[in-house]
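Working notes for the structure below.
Only a predicted model underlies this, so the values are computations on that prediction, with no experimental measurement involved. Letters A, B, ... are given to chains in the order of the sequence lines, protein chains preceding strands, and every chain is numbered from 1.
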There are 2 protein chains.
Amino acid sequence: MSERKQTKAPPVMAEADIAIVRIAPETSFKNKAYEALKEAILKMDIYATPEPVMLDERALSERLGVSRTPIREAIAMLEQDGFVKTVPRRGIVVVRRTKAEIVDMIRAWAALESMAARLITTTARKKDITALRDFFKDFGKDRLPQDHIEEYSKANIAFHQALISLSESQVLVDMTNDILLHVRGYRQLTIGRKDRTATSLPEHLAIIEALEARDTELAEKLARDHTLGLATYVETHGQELFS
Amino acid sequence: MSERKQTKAPPVMAEADIAIVRIAPETSFKNKAYEALKEAILKMDIYATPEPVMLDERALSERLGVSRTPIREAIAMLEQDGFVKTVPRRGIVVVRRTKAEIVDMIRAWAALESMAARLITTTARKKDITALRDFFKDFGKDRLPQDHIEEYSKANIAFHQALISLSESQVLVDMTNDILLHVRGYRQLTIGRKDRTATSLPEHLAIIEALEARDTELAEKLARDHTLGLATYVETHGQELFS
DNA sequence: TGAATATTTTTGGCATACCAAATACCAGAA
DNA sequence: TTCTGGTATTTGGTATGCCAAAAATATTCA
């Protein structure tokens, strides 16, 4: 069946062979609204005000220039993600996580990253592991992380994401990214990262070394303890912000 | 402010004290549809047929006796869960996971349960840990698990869920339950559980013992390896079912 | 007869209108 | 002034109708 069509009209097929990649399915308003709202929620500082942050369907639909229907579908999606919660006849409130939830999420993250490390020791290529050092090539004894916090913080997150990607497990990548999205806005987390920059770099390098040495147990342990350390920091120093 | 109201009109307040429990918020059609569709999807055997399973909005709305609007919102939610995928102008297809995805999910599960075990060794009460044995009290040398597979399988799942609950981390509980929902339908998983019943029980008991001994590292390792064993089984014996 | 083409049907996307519950607001009574 | 009742408004929930793209079907022409 298929070969007949292929060999049929060469001149005509020629233009069909050109990079037609099933063009952008022109994302629907629903998805556009979802992305827009998600970005807006992640951008705002949820923990800045004592009053709960509310969303209004009609206002949003007017704001984004679409009807309420796609907006409502987008909100249903965000609710599944755990970013908002709609209360019938009351409104849509942006979810604020408690300190305990944040700590729990970081622990889950530690578990997943630890598993990623384990997998990496058995499957990743040497060169890919070594490449992880590049994220920190701009830091050293002459250029301390704690003196360039913003820059180091970005390298830090990039490193963790690259690390997990090396596991070649899309599930682990997706789950940890999800967690990161929920946790990023928590102020104490950022502070925790800053306070820990001094010990952070050596720990990262130790993890890389264990991975290169294919020391499964050690890599797993180091990765776990590193992130678990952040959890402990937040648990100890973080204060409960409004309920 | 508050005490004044309390001491004001006793006779009137008397009737207000009657069990008024903020009646059931009567779940919306959207949520009812979500639950109904989710259950239907989980109940059906996705991997039984080569052809993709499709859903039809209009058919569903007629079937459930509601309009398309709540149906569409429910489907948007299910899509976030990863149970279905809607293709514009094509239809809504029930997602079928590949063997690799299933294996990855089981590995993530292993990571999370391992972390739960770790937490349990430091926080759970002795009696709660010991109570885990009850799930298997009906099995022993005189009544082997492999001779009562169905019964043991249920006890097995109940044990794992109870174990994770002991961590007192709602995040871990939710994440593992999610994974379980996605993985349960995969036939090779069930077969794997059956083939492994013989070694399963001793491994479970070993985990419980490590927990009771508050041996963090050991409990963590045993919990991890136990579930990782299932992942390996599926990876080795499971066959790719229709792409 | 077969393939290109026109037409009908199907299907998800979106806008709009209306409903009912919850709330906010306001006027009148104590 | 304060409390009570009632009314107007707000807000999420749902039903309907129409649109356009894609697929399925019918039709026409060589």
Side-chain angles (χ1 to χ4, degrees), chain A residues 1-2 4-9 11-13 16 20 22-37 51-80 84-94, chain B residues 1 4-9 11-13 15-16 20 22-37 51-80 84-94:
Chain A
M1 284 271 278
S2 56
R4 276 187 61 199
K5 273 195 173 179
Q6 282 181 20
T7 58
K8 215 188 53 170
V12 184
M13 293 307 285
I20 293 182
R22 192 72 167 184
I23 354 171
E26 331 219 9
T27 49
S28 59
F29 285 167
K30 170 183 69 176
N31 288 310
K32 284 183 181 174
Y34 171 74
E35 293 300 336
L37 292 178
E51 315 84 42
V53 180
M54 307 288 288
L55 299 181
D56 179 69
E57 284 183 7
R58 290 171 226 268
L60 289 174
S61 82
E62 195 172 336
R63 194 89 157 56
L64 298 180
V66 298
S67 80
R68 285 176 57 209
T69 307
I71 297 286
R72 281 181 56 78
E73 291 175 347
I75 288 178
M77 295 164 73
L78 289 169
E79 187 162 14
Q80 282 308 102
V84 303
K85 170 145 189 62
T86 109
V87 186
R89 312 280 145 42
R90 281 304 203 80
I92 301 154
V93 50
V94 178
Chain B
M1 284 270 278
R4 276 189 59 199
K5 272 194 172 179
Q6 282 181 20
T7 57
K8 213 186 54 170
V12 183
M13 293 306 286
E15 68 176 335
I20 294 181
R22 188 75 167 184
I23 354 171
E26 329 219 12
T27 51
S28 59
F29 285 167
K30 170 182 69 175
N31 288 309
K32 285 183 181 175
Y34 171 74
E35 294 301 336
L37 292 178
E51 315 84 40
V53 180
M54 306 290 286
L55 299 182
D56 179 70
E57 286 184 3
R58 289 172 226 270
L60 290 175
S61 81
E62 195 172 337
R63 194 89 157 52
L64 298 179
V66 298
S67 78
R68 286 175 57 209
T69 307
I71 297 287
R72 281 181 55 80
E73 292 177 351
I75 287 178
M77 295 164 73
L78 288 169
E79 186 162 14
Q80 281 308 101
V84 303
K85 171 143 189 62
T86 110
V87 186
R89 311 280 145 42
R90 280 305 203 77
I92 301 154
V93 50
V94 179

### Message
Quick one: does any side-chain atom of B:E79 pair with a main-chain N or O of B:T86 as donor and acceptor, under 3.5 Å?
### Response
yes
### Message
Can you give me the closest heavy-atom contact between A:S67 and A:I71, atom names plus distance?
### Response
O-CG1, 3.3 Å
### Test side chain to side chain donor-acceptor pair (under 3.5 Å) applied to A:N31 - qualifying residues, sequence neighbours left out
A:S28
#### Entry: B:P70 to B:A33 - nearest heavy-atom pair and separation
O-CB, 4.4 Å
### Query
Rounded to the nearest Å, what distance is computed from the CG atom of residue B:L55 to the P atom of nucleotide C:dT10?
18 Å
### Task
Report the distance from atom CZ of A:R90 to atom P of C:dT23, rounded to the nearest whole Å.
4 Å
### Task
Would you mind reading off the distance between B:M54 atom CE and C:dT10 atom P, rounded to a whole angstrom?
15 Å
#### Entry: Euclidean distance, atom CD of residue A:E79 to atom C1' of D:dG12 [Å, nearest integer]
11 Å
### Task
Classify the nucleic acid contact of B:I71 as base, sugar-phosphate or nothing, counting any heavy atom under 4.0 Å across all strands shown.
nothing
#### Entry: Taking every non-hydrogen atom, the tightest pair across B:A76 and A:E73
CB-O, 4.1 Å
Report, one pair per line, the protein and nucleotides 5-9 of chain C atoms (nitrogen or oxygen only) whose separation is under 3.5 Å.
none

Collect all protein-nucleotide pairs involving nucleotides 13-17 of chain C in which both atoms are nitrogen or oxygen and the distance is under 3.5 Å.
{"unit_1": "C:dG13", "atom_1": "OP2", "unit_2": "B:R72", "atom_2": "NH1", "d": "2.6"}
{"unit_1": "C:dG13", "atom_1": "OP2", "unit_2": "B:R72", "atom_2": "NH2", "d": "2.9"}
{"unit_1": "C:dG13", "atom_1": "O4'", "unit_2": "B:R89", "atom_2": "NH2", "d": "3.3"}
{"unit_1": "C:dG13", "atom_1": "N7", "unit_2": "B:R68", "atom_2": "NH2", "d": "3.2"}
{"unit_1": "C:dG13", "atom_1": "O6", "unit_2": "B:R68", "atom_2": "NH1", "d": "3.0"}
{"unit_1": "C:dC14", "atom_1": "OP1", "unit_2": "A:F29", "atom_2": "N", "d": "2.4"}
{"unit_1": "C:dC14", "atom_1": "OP2", "unit_2": "A:K30", "atom_2": "N", "d": "3.4"}
{"unit_1": "C:dA15", "atom_1": "OP2", "unit_2": "A:S67", "atom_2": "N", "d": "2.6"}
{"unit_1": "C:dA15", "atom_1": "OP2", "unit_2": "A:S67", "atom_2": "OG", "d": "2.7"}
{"unit_1": "C:dA15", "atom_1": "N7", "unit_2": "A:T69", "atom_2": "OG1", "d": "2.8"}
{"unit_1": "C:dT16", "atom_1": "O4", "unit_2": "A:T69", "atom_2": "OG1", "d": "3.3"}

### Task
For residues A:L55 and A:V84, report the shortest heavy-atom separation together with the two atoms involved.
CD1-CG1, 4.2 Å
#### Entry: A:G91 to A:M54 - nearest heavy-atom pair and separation
CA-CE, 3.8 Å
### Query
With a non-hydrogen cut-off below 4.0 angstrom, is A:I75 in contact with a base, only sugar-phosphate, or nothing?
nothing
### Query
Going from CG on B:D56 to CZ on B:R63, what distance comes out if it is rounded to the nearest 0.5 angstrom?
12.0 Å
### Distance, rounded to the nearest Å, where B:K32 contributes NZ and D:dA15 contributes P
11 Å
